[in-house]
Amino acid sequence: MIKNFLLLIGVVMLLVSCNEVKEPHIYNGKELTVGVIGSAPEINNKKIKFKEITLNNLKSDINTKNLDGIIIMKEYLKEADGDQYVESYRALTIPVFFMQSTKAHIPFTNEGITYDSLPDVQESYATGYLRTKEDGESVEQTWRYQLKDNKENKDNIQNIYTQIFKTIESVTY
């Protein structure tokens with residue numbers, strides 16, 4: 001009887017340890033204000049404040065000076081590729097992230113290239129871009145974020161946003 005009870009406890013402990021649930025990584029850095037073109041992502045984090053902006057806001061430093069980064073959601077990618085915005089992306093002093101772009105940052109930062117005219121170049125869930133000056137030279141920084149196991153689920157998406165927020169913090173502060 002005692003052997004059966006100990007065996008049962010052992011099996012239960014084994015099952016519990018095998019079903020360990022991993023929590024998604026949560027951003028715990030500095031408080032950030034992130035401009036969003038499109039619908040704000042469903043990220044519950046008290047350290048992140050989303051502010052709705054438009055593509056036209058990119059053209060004015062006044063509209064972006066209180067932001068730490070910008071996210072352009074998938075539904076605005078085709079509009080965001082307009083040549084009229086290329087110089088705005090290049091002039092930003094904060095990083096911009098293109099969500100679910102299969103074309104990386106290329107159609108947004110190069111004139112004469114549209115989102116539809118460029119073949120898919122990557123399988124990243126998000127791409128970040130920032131152009132800076134170092135020793136008088138322009139330097140382009142890019143970041144690409146992949147979903148774990150290429151699976152689009154709530155935890156993996158949360159992890160992508162956490163990586164984006166860490167990148168914003170690292171280049172802004």
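All values below were derived from every heavy atom in this structure, side-chain atoms included, with hydrogens, water molecules and symmetry-related copies excluded. Keep in mind the model is a prediction, meaning the values are calculated, not measured.
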(request) Would you confirm whether Thr64, through its side chain, and Leu67, through its main-chain N or O, come within 3.5 Å as a donor-acceptor pair? (result) no
(request) Taking the side chain as every heavy atom from C-beta outward, state whether Ser39 and Met73 have any atom pair closer than 4.5 Å. (result) no
(request) Can you measure from CD (Gln141) to CZ (Arg131) and round to the nearest 0.5 angstrom? (result) 12.5 Å
(message) Quick check: is Val171 connected to Leu92 through a chain of hydrophobic side chains (ILVMFWY, heavy atoms under 4.5 Å apart)?
(response) no
(message) To check you understand the geometry: which heavy-atom pair defines the closest contact between Ile160 and Gln146, and what is its length?
(response) CD1-O, 3.1 Å
(request) Taking the six-membered ring for Trp and the single ring otherwise, decide whether the centroids of Phe98 and Tyr89 are under 6.0 Å apart. (result) yes
(message) Do Leu55 and Tyr85 make a side-chain contact, defined as non-hydrogen atoms from C-beta onward lying under 4.5 Å apart?
(response) yes
(request) Decide whether Ile72 and Ile106 are clustered together by the hydrophobic rule: side chain heavy atoms of Ile, Leu, Val, Met, Phe, Trp, Tyr closer than 4.5 Å, transitively. (result) no
(message) With rounding to the nearest 0.5 angstrom, report the OG1 to CG distance, Thr142 to Leu130.
(response) 10.5 Å
(request) Of all the heavy-atom pairs spanning Asn156 and Lys148, show the shortest one and how long it is. (result) ND2-O, 3.0 Å
(request) For Tyr173 and Asp68, run side-chain hydrogen bond (donor to acceptor under 3.5 Å, both in side chains): C-alpha distance rounded to whole Å, both residues' side-chain angles, the deciding distance at 0.1 Å, then the answer. (result) CA-CA 9 Å; Tyr173 293 99; Asp68 298 304; 3.0 Å; yes
(message) As a quick check of understanding, evaluate side chain to side chain contact (heavy atoms under 4.5 Å, CB included) for Arg90 and Tyr129, giving each step before the final call.
(response) CA-CA 9 Å; Arg90 291 178 178 175; Tyr129 174 85; 3.8 Å; yes
(message) Main chain of Lys151, side chain of Asp149: is a donor-acceptor contact present, judged purely on distance under 3.5 Å?
(response) no
(request) Taking all heavy atoms of Thr172 and all of Pro95, pick out the closest pair and write down the distance. (result) OG1-CD, 4.1 Å
(request) Using a 4.5 Å cut-off on heavy atoms from C-beta on, say whether the side chain of Thr54 contacts that of Ile37. (result) no
(request) Taking all heavy atoms of Glu75 and all of Gly38, pick out the closest pair and write down the distance. (result) OE2-CA, 3.7 Å
(message) How about NZ on Lys59, more than 12 heavy atoms from neighbouring residues, nucleotides or ligands closer than 6.0 Å, or not?
(response) yes
(request) Drop me the distance from Phe165's CZ to His25's NE2, to the nearest 0.5 angstrom. (result) 14.5 Å
(request) Report yes if the side chains of Glu52 and Phe50 come closer than 4.5 Å at any heavy-atom pair, otherwise no. (result) no
(request) Taking all non-hydrogen atoms of both residues into account, name the closest pair between Asp83 and Glu111 and its distance. (result) OD1-CA, 3.3 Å
(request) Indicate yes or no: at least one non-hydrogen side-chain atom of Pro107 is less than 4.5 angstrom from one of Tyr115. (result) yes
(request) Flag yes if Leu77 and Met99 sit in one hydrophobic cluster, no otherwise; membership is Ile, Leu, Val, Met, Phe, Trp, Tyr, and two members link when side-chain heavy atoms are under 4.5 Å apart. (result) no
(request) Sort out for me which residue in Thr127, Asp116, Asp120, Asp81 forms a side-chain hydrogen bond (donor to acceptor under 3.5 Å, both in side chains) with Lys103. (result) Asp120
(request) May I have the step-by-step check of side chain to side chain contact (heavy atoms under 4.5 Å, CB included) for Thr102 and Val121, ending in yes or no? (result) CA-CA 6 Å; Thr102 59; Val121 296; over 6 Å; no
(message) So which atom in Tyr145 and which in Gly128 form the shortest heavy-atom distance, rounded to 0.1 Å?
(response) CE1-N, 4.4 Å
(message) Would you say that Lys51 contacts Val34 through its side chain, given a criterion of any heavy-atom pair below 4.5 Å between the two side chains?
(response) no
(request) Decide yes or no on side chain to side chain contact (heavy atoms under 4.5 Å, CB included) for Glu152 and Tyr125, but give the supporting numbers first. (result) CA-CA 9 Å; Glu152 190 172 338; Tyr125 190 79; 3.8 Å; yes
(message) Taking the side chain as everything from C-beta on, heavy atoms only, tell me whether Val36 gets closer than 4.5 Å to Tyr76.
(response) no
(message) How about NZ on Lys47, more than 12 heavy atoms from neighbouring residues, nucleotides or ligands closer than 6.0 Å, or not?
(response) yes
(message) Is there a continuous path of hydrophobic side-chain contacts, each under 4.5 Å between heavy atoms, that joins Leu32 to Trp143?
(response) yes
(message) Test your reading of the model: is there a side-chain donor-acceptor pair from Asn57 to the backbone of Ile53, 3.5 Å cut-off?
(response) no
(message) For the CG atom of Leu147 and the CD atom of Gln100, what is their distance to the nearest 0.5 Å?
(response) 8.0 Å
(request) List the steps and the verdict of side chain to side chain contact (heavy atoms under 4.5 Å, CB included) for Ile164 and Thr167. (result) CA-CA 5 Å; Ile164 288 171; Thr167 299; 5.6 Å; no
(message) Nearest 0.5 angstrom please: Ile168 CD1 to Ile94 CD1, how far?
(response) 8.0 Å
(message) Is any side-chain heavy atom of Glu169 closer than 4.5 Å to one of Tyr27?
(response) yes
(request) Give a yes-or-no answer on whether the side chains of Thr162 and Asn159 include a donor-acceptor pair shorter than 3.5 Å. (result) no
(request) Drop me the distance from Ile26's CD1 to Gln158's CD, to the nearest 0.5 angstrom. (result) 4.0 Å
